[in-house]
Amino acid sequence: MEIIILPTAEKAARLASLLIADQIEAKPYSVLGLATGRTMERLYAQLARMHRDEGLDFSKCRTFNLDEYVGLEPEDPHSYRSYMNEHLFNNINIDLDSTHLPNGMAQDYKREAARYERMIAESGGIDLQLLGIGKSGHIGFNEPLSALLSRTREKGLTQTTIDQNSPLFDPPEKMPRRAFTMGIGTILDSRRIIMMVTGAEKADILAKAVEGPVTSMISATALQLHASVVVIADEDASAKLEGTEYYHWLYANEPEWRKYHQLL
Ligand code: F6R
C-alpha cells in the first residue's frame, strides 16, 4: 500500500484523475470500477474537465459501480445511477450501455448479485477500482462484519451509514436501509485500487483502516492484503496517521511519483 498525502482535497482529486487518465491512455479498453459519494464529486469534475479540455477519451471504457440502493428506480434522483449520470457519464464520451450498476429494483437479490459478478468476470475483470471510505470503515457498502472474501450481495446498512448518507435524501427517512454492493473479495480482485479520503471527519477511520490490524469490523483494512493500492488523502484526513513522515518521504523520492509532482 502507498499513502499519498496532499495539502488539499482538490489536489487529491487531481492526482487521482491523472492516474485514471494514465490508465485509460495505457489501455483504452479499460474496465473501471467506480464509486459515488461526496468525495468523488471533485474527481469526476476533474475527469469531465480533462475530457472537455484535453480530449481524455472514455469511448472504449467499460465501468462497474460498487453499489446501488435497493428499491430505487434508476431514474430516482437519489439513485447511484442518477448520481453517476449527473456527475460523470453525461459529461464525458462514454457509451451509457458500457456503464453498469446493480439493478436496485431486482426482486431476486441472489440472482441480481450473481448476474453482476458474472458481468464483471465476462468483462475481463476490473483494471482500476476507485474507492471512498465510509465512517463505518466500509468500502462499497461492506459494513462491519462483512466477510473479507465476500462477493456481490445485498446488505443491510448500519446506523453510521444511514446518518452519513440520509441528509442527501429529501426527506432523510426516504434513504433505503439496504443496498447491493460488490463484496470485499470482488474489490480485491481488481488489478489496481485507488482509495480517496478527504476531510477531518475521516481521520479516525483512515488511521484504523491503513495502520490498524486487519479486521472484518473495518472492511477497508482488507485493502492491506492487496498488492497494488494507492491511498490518496488530504491533510485533514491524514491528521491521525502515525507514519506521515515516511509516507511523505516515499512520495517525494519514489521515481514512479516524480512525474506527478509538477502536475499538481
Ligand atoms: C459509494 C460507496 C461508499 C462511499 C463512502 C464515502 O459508492 O461505495 O463506500 O465511498 O460511503 O462516501 P462519501 O464520499 O460521501 O463520504
Side-chain angles (χ1 to χ4, degrees), residues 9-10 12-13 16 32-46 63-70 72 74 76 78-89 99-104 113 116 120 126 128-146 150-169 172 175-188 190 193-206 208-210 218-223 229-234 236-238:
E10 202 55 41
L32 303 176
L34 301 178
T36 59
R38 300 171 186 89
T39 314
M40 296 299 144
E41 289 179 17
R42 278 194 186 84
L43 168 60
Y44 293 152
Q46 287 277 355
T63 68
F64 289 91
N65 265 77
L66 286 164
D67 37 25
E68 179 59 284
Y69 289 113
V70 165
L72 294 191
D76 189 298
H78 298 108
S79 75
Y80 281 167
R81 162 56 76 182
S82 293
Y83 172 104
M84 289 309 300
N85 287 353
E86 178 190 337
H87 290 285
L88 186 64
F89 300 150
T99 66
H100 307 283
L101 290 92
N103 172 13
Y116 205 62
I120 294 171
I126 293 171
L128 180 61
Q129 175 69 56
L130 272 176
L131 298 175
I133 186 172
K135 287 185 192 159
S136 70
H138 70 211
I139 47 177
F141 274 135
N142 292 286
E143 298 287 35
L145 286 183
S146 291
S150 50
R151 310 302 305 186
T152 300
R153 69 215 181 287
E154 166 271 348
K155 190 82 191 151
L157 303 176
T158 57
Q159 192 58 45
T160 308
T161 297
I162 292 165
D163 293 344
Q164 178 191 292
N165 287 4
S166 61
L168 303 173
F169 284 77
M175 178 178 160
R177 265 46 183 168
R178 292 171 175 279
F180 286 104
T181 180
M182 281 186 203
I184 301 174
T186 322
I187 292 169
L188 293 180
S190 312
I193 296 174
I194 297 175
M195 183 163 80
M196 273 184 63
V197 190
T198 58
E201 72 278 9
K202 298 286 176 64
D204 279 319
I205 197 65
L206 176 62
K208 288 181 184 153
V210 300
I218 301 175
S219 299
T221 61
L223 299 175
V229 176
V230 184
V231 175
I232 306 176
D234 67 355
D236 289 344
S238 72

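Count residues from 1 along the sequence. Counting starts at 1 for both ligands and their atoms, in listed order.
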Subject >> I133, portion touching ligand 1 at heavy-atom distance under 4.0 Å >> reply: backbone
**OP:** List for me each residue that meets salt bridge (Lys or Arg N to Asp or Glu O under 4.0 Å) alongside R42, sequence neighbours excluded, and say none if there are none.
**Re:** E10
Original post:
For atom 14 (O) of ligand 1, what's the nearest protein heavy atom and its distance?
Top reply: T39 OG1, 2.4 Å
Original post:
What is the nearest protein non-hydrogen atom to atom 11 (O) of ligand 1, stated with its residue, atom name and distance?
Top reply: H138 NE2, 2.7 Å
Original post:
Nearest to atom 15 (O) of ligand 1, what protein heavy atom do you find, and at what distance?
Top reply: R38 N, 2.8 Å
Original post:
Are any of the N or O atoms of N165 closer than 3.5 Å to those of ligand 1?
Top reply: no
Original post:
At a non-hydrogen distance cut-off of under 4.0 Å, which region of K202 contacts ligand 1 (side chain, backbone, both, or neither)?
Top reply: side chain
Original post:
Aromatic rings H138 and F141: how do their planes relate, parallel, tilted or perpendicular, breaks at 30° and 60°?
Top reply: perpendicular
Original post:
Is it the side chain (CB and beyond), the backbone, both or neither of T36 that lies under 4.0 Å from ligand 1, heavy atoms counted?
Top reply: both
Subject >> Closest contact, heavy atoms only, L130 versus A35 >> reply: O-CB, 3.6 Å
Original post:
Aromatic rings Y116 and F64: how do their planes relate, parallel, tilted or perpendicular, breaks at 30° and 60°?
Top reply: perpendicular
Original post:
Given the rule in the side chain to side chain donor-acceptor pair (under 3.5 Å) test, do E143 and T161 qualify, once you have shown the distances and angles that lead to the verdict?
Top reply: CA-CA 8 Å; E143 298 287 35; T161 297; 2.6 Å; yes
**OP:** Any salt bridge (Lys or Arg N to Asp or Glu O under 4.0 Å) involving residues 152-165? Give me the pairs, sequence neighbours left out, ordered by first then second residue.
**Re:** E154-R178
**OP:** Fit a plane to each ring of Y69 and Y80, take the angle between them on a 0 to 90° scale, and name the class: parallel (under 30°), tilted (30 to 60°) or perpendicular (over 60°).
**Re:** tilted
Original post:
Of the choices G140, G134, S136, G132, which has the non-hydrogen atom that lies closest to atom 9 (O) of ligand 1?
Top reply: G140
Subject >> Subset of ligand 1 atoms that lie under 4.0 Å from at least one heavy atom of G37 >> reply: 14 (O), 15 (O)
Original post:
Does Q164 come within less than 4.0 Å of ligand 1, judged by its heavy atoms?
Top reply: yes
Original post:
Among L34, D67, L66, which one has a heavy atom closest to atom 7 (O) of ligand 1?
Top reply: D67
Original post:
Going by heavy atoms in the side chains, are L206 and D204 under 4.5 Å from each other?
Top reply: no
